[in-house]
Amino acid sequence: MEVDKGKGEAEETRKVAEADRDTVTLKSSDGKLFEVSKEAAARLSTVLAGMIAGGSIDDNGTDLKQIGSEALENVVDYCNKHANSIPSAALISSSISFNTAPFKEPEEWERKFVDRLSHDALFDLVEAANFLGMERLLDVTCHKISEMMKGKSPDQIREVFNIKNDYTKEELEEIRQELAWAFYDD
Amino acid sequence: MSSADPSAVSALGGRSGITAVDGVLPMELLTEVLLLLPAKEVCRVRAVCPSWRSLTYDPLFVAAYAARHPGPLLAVCRGSTSIDVLDLSGDVVKRLRPNIKGYASRVLYACFEFFLIEGDDHGISVLDPVSGSVSTLPVGITEDLASSCLWYPSWFAFGKVASTGEYKLVRIVDQDLMCGGYGNDPLCEVLTFSEGFRHWGKNDDPAAYRDRIEQWRKVESAPAYLDLNCTDGVIVKGTAYFLLAQCQFEEPYIEDYNIEPGCIPSFNLETEQWSVALRGPASRIVEESNGILNYRDLVDRLMLGELKDFLVTVHCNNQTSTADLWFLMDFENCVWSRQHIIQIEIIPAILVTPSTLARLSNKPADDPDLDATAAITDGVLPGDIRHKVLLHLSAKELCCLHLVCRSRRSLTSDPTFAKAHSSRHPLSPASAPTRTRSTSPMYPATSRGYPYR
């Protein structure tokens with residue numbers, strides 16, 4: 001009885017301490033720990049926001065088994081940079097004034113952020129962003145990947161995306177005829 | 001160090017071992033990426049592998065793509081046998097080769113359901129952009145007159161009558177020029193389309209819809225000669241506005257017509273009556289230039305347009321290298337206000353609405369209920385064909401416009417603006433880059449009356 005009560009109090013204290021902290025600790029699939037601003041995490045990731053609100057953040061490192069350390073490092077890096085470099089209000093107001101604009105072009109720093117990544121790191125990051133519900137990071141990474149497709153021949157795209165060509169010669173010829181204009185570069 | 005333990009690769013990772021056709025990205029993320037591509041690129045990646053191909057033909061993908069790419073498209077007669085649908089970067093996103101009698105010479109109107117095409121025999125055809133099938137409209141007075149004439153100028157307007165929901169096609173033709181007469185007002189005729197004409201030609205039995213198309217009716221003549229370059233009428237709130245031949249800005253050319261200089265004639269689609277009550281902004285433009293511009297400087301420098309339900313006069317200002325947009329704020333008192341000044345790098349020598357080009361807007365005519373989404377869901381077309389075409393018809397990202405007009409990035413991000421801008425600064429050889437001021441020899445300042453005779 002006594003012990004139970006003590007345990008409960010300790011739990012209570014820990015929760016309070018956790019609520020007071022302004023960072024959360026995330027743990028990658030390979031066990032590495034990363035600190036990220038709680039405010040930025042909650043604002044940029046719907047999944048982390050839900051976990052923070054629901055109190056399921058583990059002080060000793062919230063397990064994110066689906067995300068490798070390199071991708072998680074990039075996620076945390078992005079959150080911290082985002083918190084520093086852009087006032088969120090400006091971001092929101094500009095997206096509201098033209099809310100029919102389907103996609104907001106990446107900022108200069110966002111472009112640089114994804115440009116330095118290797119293909120593998122980029123593909124890992126886009127999956128991490130998707131898993132964590134980070135809409136903007138998902139947009140920026142998808143945009144980068146789409147850039148990698150633009151102006152490329154089907155062969156080049158197959159190589160980058162590791163795709164086996166299982167069209168027959170006839171099928172390919174048919175597609176090229178049907179969509180001829182798409183294959184003639186100006 | 002970070003990859004010290006290879007067994008700790010995440011559940012979604014380990015792609016090095018994957019050689020399946022699906023490649024490195026899960027389908028949902030691949031979809032996200034493909035949605036960002038311009039339409040031409042989407043067509044190209046169909047040759048990558050069958051799974052990418054079926055993904056990009058998938059109705060859900062198509063619907064999402066259309067929603068993401070609301071930008072306007074242009075329908076252009078290319079050569080004489082094909083009609084290209086272009087996005088704002090100038091890329092072809094769909095090529096149609098309609099079986100039109102004679103040659104296709106001009107796209108009069110375009111929306112997702114149908115294009116109106118004028119042939120070189122002056123007949124008008126309705127083209128279904130999905131199937132490429134063509135139906136021909138009834139022959140009117142113009143075709144009869146034109147049978148003995150190789151070339152004649154004509155003006156069109158196509159819009160909705162708010163009170164009845166009908167659509168009307170207005171055609172004006174200069175019969176003096178055609179028949180060598182003198183003093184005849186330009187002939188004006190109207191064709192009414194009743195409900196259901198959108199499905200015309202897409203049904204098993206086109207005749208069922210043909211019955212709903214009336215014959216051409218001759219209506220009140222246009223009050224004066226219209227401008228030959230600014231070819232077609234601009235519809236704002238059920239009224240079609242036209243530019244006068246601009247030699248008529250100044251007296252005395254319009255004496256005979258009892259209208260004021262700089263007047264903008266308008267045709268009410270409902271009452272089918274002409275009005276000459278509206279004065280254009282020409283006098284304001286001259287006034288505000290502080291003596292730099294006179295009326296003659298405005299010849300070939302003005303165009304009409306519709307923007308956010310306002311009638312807009314576009315003044316291509318050579319002095320400032322700008323396109324100035326004058327909005328009609330108050331019809332009764334003819335109050336015009338210069339709302340936008342757009343810096344443009346290349347001032348076209350002659351402002352023409354290229355006679356082969358029409359804007360393909362997401363909103364057919366002015367019916368807000370019939371937007372692109374409706375076109376996807378209304379079940380008019382067989383599913384597979386519909387998806388195929390709608391994907392082709394979706395436009396490139398609006399950000400392309402930033403290339404058109406960098407200095408007005410925010411303005412050009414507005415889709416309504418984009419629409420108007422693209423129709424005025426089209427990708428056309430007619431707008432050849434030159435800064436020479438145009439004083440067209442076709443407008444001799446001393447000639448009296450209509451100068452083309």
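Proteins come first, then strands; the chains are lettered A, B, ... in the order of their sequence lines, and each starts at number 1. Because the structure is a prediction, the values reported are computed rather than measured. We use all heavy atoms of the structure for the numbers below, so side chains are in, but hydrogens, waters and symmetry mates are not.
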**Enclosure of A/E171 CD (heavy-atom neighbours >12, cutoff 6.0 Å)** = yes

**Request:** Report yes if the side chains of B/L30 and A/I145 come closer than 4.5 Å at any heavy-atom pair, otherwise no.
**Result:** no

**Message:** With rounding to the nearest 0.5 angstrom, report the CZ to CZ distance, B/R44 to A/R176.
**Reply:** 9.0 Å

**Message:** Between B/P50 and A/D166, is there a side-chain heavy-atom distance shorter than 4.5 Å?
**Reply:** yes

**Request:** Report the residue from B/V33, B/V48, B/V42 that forms a side chain to side chain contact (heavy atoms under 4.5 Å, CB included) with A/M149.
**Result:** B/V33

**Prompt:** When only pairs under 4.5 Å are counted, which of A/L172, A/V126, A/N130 shares the most heavy-atom pairs with chain B?
**Reply:** A/N130

**Request:** Quick one: closest heavy-atom pair of A/S146 and B/L37, and the distance?
**Result:** O-CD2, 3.3 Å

**Prompt:** Above 12 or not: heavy atoms from other molecules or residues under 6.0 Å from CD of A/Q156?
**Reply:** yes

**Asked** Rounded to the nearest 0.5 Å, what separation is found between the CD atom of B/E28 and the CD atom of A/E127?
**Response** 9.0 Å

**Request:** Using salt bridge (charged side-chain N to carboxylate O under 4.0 Å, His left out) as the criterion, list what pairs up with A/K144, not counting sequence neighbours.
**Result:** A/D115

**Message:** Nearest 0.5 Å, please: how far is CG in A/L138 from CD in B/E32?
**Reply:** 5.5 Å

**Request:** Would you give the length of the straight line joining atom NZ of A/K164 to atom SG of B/C49, rounded to the nearest 0.5 angstrom?
**Result:** 11.0 Å

**Shortest non-hydrogen separation from A/Y167 to B/R46 and the atoms involved** = OH-O, 2.6 Å

**Message:** Shorter than 4.5 Å, heavy atoms on both sides: which option in A/I157, A/V160, A/T141 has the most such pairs with chain B?
**Reply:** A/I157

**Item:** From B/C43 atom SG to A/I175 atom CD1, the distance as rounded to the nearest 0.5 Å
**Value:** 11.0 Å

